[in-house]
Number of protein chains: 2
Amino acid sequence: MEYNELIKVLSDKGLKVTPQRVAVLEALYEIKNHPSAEQIRQKLHARYPSIAIGTIYNILDTFCEQGIIKKVKTDSDFVRYDVDMERHHHIYCENCNHIENYHDPELDELLKNYFEKKRIPNFQIHDFNLQIIGRYAEHQNKPNQNN
Amino acid sequence: MEYNELIKVLSDKGLKVTPQRVAVLEALYEIKNHPSAEQIRQKLHARYPSIAIGTIYNILDTFCEQGIIKKVKTDSDFVRYDVDMERHHHIYCENCNHIENYHDPELDELLKNYFEKKRIPNFQIHDFNLQIIGRYAEHQNKPNQNN
DNA sequence: TTATTAAACAAGAATAATTCCTAAATAAGA
DNA sequence: TCTTATTTAGGAATTATTCTTGTTTAATAA
């Protein structure tokens with residue numbers, strides 16, 4: 001992603017453009033697959049050895065508040081973050097703990113229609129998130145993402 | 001739940017029947033709505049002031065391994081546990097952080113059929129978990145469950 | 001019933017992700 | 001350029017969870 005685009009993401013949200021924020025945002029787009037704060041720190045270490053882990057958490061929190069990223073909770077002991085802000089679901093591999101985003105407007109439509117017919121009493125639905133749990137076929141080589 | 005039933009749950013899984021395990025299991029059934037380890041400790045405090053929090057974690061881990069309960073990850077900073085082992089989905093209230101179980105075999109069937117037609121390449125699905133996010137109607141009085 | 005023993009427990013220390021605090025640095029607007 | 005509110009670095013504090021060790025106990029067999 002171009003430097004100018006990164007800056008635009010920040011300034012569109014009224015955020016001050018700091019080198020740290022640009023670097024974290026770039027790392028989020030580069031790593032893509034749901035990095036943790038620690039993974040971002042490691043990615044940035046070459047270019048930015050002085051960035052504090054607390055700063056990374058601050059920045060990630062700010063990005064969450066501004067709707068630039070989302071937290072993803074997993075079975076691991078830390079929070080992961082997702083730059084993909086379109087509605088999507090998650091594929092979890094029980095074997096390698098890889099999380100993959102799953103976009104499927106047809107499924108979204110199916111769920112929406114289903115819950116328009118079958119309402120949940122006293123509850124107004126805003127969003128869905130389907131966790132699809134299973135395993136990749138053998139010989140797939142996804143990086144292990146826990147621990 | 002009767003004492004005898006509680007004991008049966010444990011011994012059916014080949015677990016030693018200890019007062020601590022029985023008490024934790026009973027608390028899980030009593031609290032029902034996805035308690036944390038700390039909530040269980042508090043619930044037990046009157047009857048069982050000496051139980052160690054580490055013991056509660058041990059017991060909960062053992063129960064998870066034996067398929068008596070499941071972990072539920074949320075946006076809060078701690079793990080919650082669920083005694084409901086039938087397939088079900090979760091309703092999250094953004095307002096009060098209440099989590100409710102949602103059983104819907106018709107929905108299960110719908111999802112199953114959908115993904116039998118529309119396969120995910122290179123991935124074998126074992127299970128689904130739909131998070132339904134929204135709000136209870138006003139004047140609902142669900143206890144706040146975070147913090 | 002009692003003795004044996006592997007498993008479970010209590011207590012508290014250790015760990016690790018995350019948050020908090022404060023002084024110094026800095027981006028943005030005047 | 002100057003001003004000021006915001007952001008960052010660095011490190012201490014917090015907190016859920018795990019680990020360790022010595023003690024206790026449930027289950028089994030004699």
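Chain A is the first sequence line, chain B the second, and so forth, proteins listed ahead of strands; every chain is numbered from 1.
Computed from coordinates, the A:I56 CD1 to D:dA9 P distance equals 9 Å when rounded to whole Å. The distance between atom CD1 of B:I51 and atom P of C:dG12, rounded to the nearest whole Å, is 16 Å. Nucleotide C:dA8 holds its P atom 15 Å from the NZ atom of B:K13, rounded to whole Å. To the nearest angstrom, P of D:dT7 lies 15 Å from CG of A:L25. The distance between atom CZ of B:R41 and atom C1' of C:dA10, rounded to the nearest whole Å, is 14 Å. One atom, CG of B:L10, and another, P of C:dC9, lie 10 Å apart when rounded to the nearest Å. Regarding A:R21, its CZ atom lies at a distance of 19 Å from the P atom of C:dA25, rounded to whole Å. The distance from atom CD of B:E65 to atom P of C:dA7 is 13 Å, rounded to the nearest whole Å.
Minimum heavy-atom separation, A:E94 to A:R135: OE1-NE, 3.9 Å. Shown here for B:H89 and B:L130, the closest heavy-atom pair between the two residues is ND1-N, 2.9 Å.
Taking every side-chain heavy atom of B:Y48 into account, C:dA10 is the closest of C:dA10, D:dT8, D:dA9.
For B:Q20 and D:dT25, the shortest distance from a side-chain N or O to OP1 or OP2 is not below 4.0 Å.
Classification of B:K8 and B:E5 as a salt-bridged pair fails, no side-chain N sitting under 4.0 Å from a carboxylate O.
Just one of B:R21, B:K43, B:K32, B:R47 meets the salt bridge (charged side-chain N to carboxylate O under 4.0 Å, His left out) condition when paired with B:E26; it is B:R47.
In this structure, the side chain of A:T62 engages the main chain of A:N58 through a donor-acceptor pair within 3.5 Å. Judged purely by atom type and a 3.5 angstrom limit, A:Q39 uses its side chain to pair as donor or acceptor with the backbone of A:S36.
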Anything under 3.5 Å between a protein N or O and an N or O of nucleotides 27-30 of chain D, put it in a table, one pair a line.
{"residue": "D:dA27", "atom": "OP1", "partner": "B:V17", "partner atom": "N", "Å": "2.8"}

What nitrogen or oxygen pairs link the protein and nucleotides 17-21 of chain C at under 3.5 Å?
{"residue": "C:dT18", "atom": "OP1", "partner": "A:V79", "partner atom": "N", "Å": "2.7"}
{"residue": "C:dT18", "atom": "OP2", "partner": "A:Y57", "partner atom": "OH", "Å": "2.1"}
{"residue": "C:dT18", "atom": "O5'", "partner": "A:Y57", "partner atom": "OH", "Å": "3.2"}

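Atom CD of A:E2 has 12 or fewer neighbouring heavy atoms from other residues, nucleotides or ligands inside a 6.0 Å radius.
Within the 4.0 angstrom heavy-atom criterion, no nucleotide atom of any strand lies near A:P49.
Aromatic pair B:H98/B:H34: ring centres not closer than 6.0 Å. Between A:Y81 and A:F63, the distance from one ring center to the other does not fall under 6.0 angstrom.
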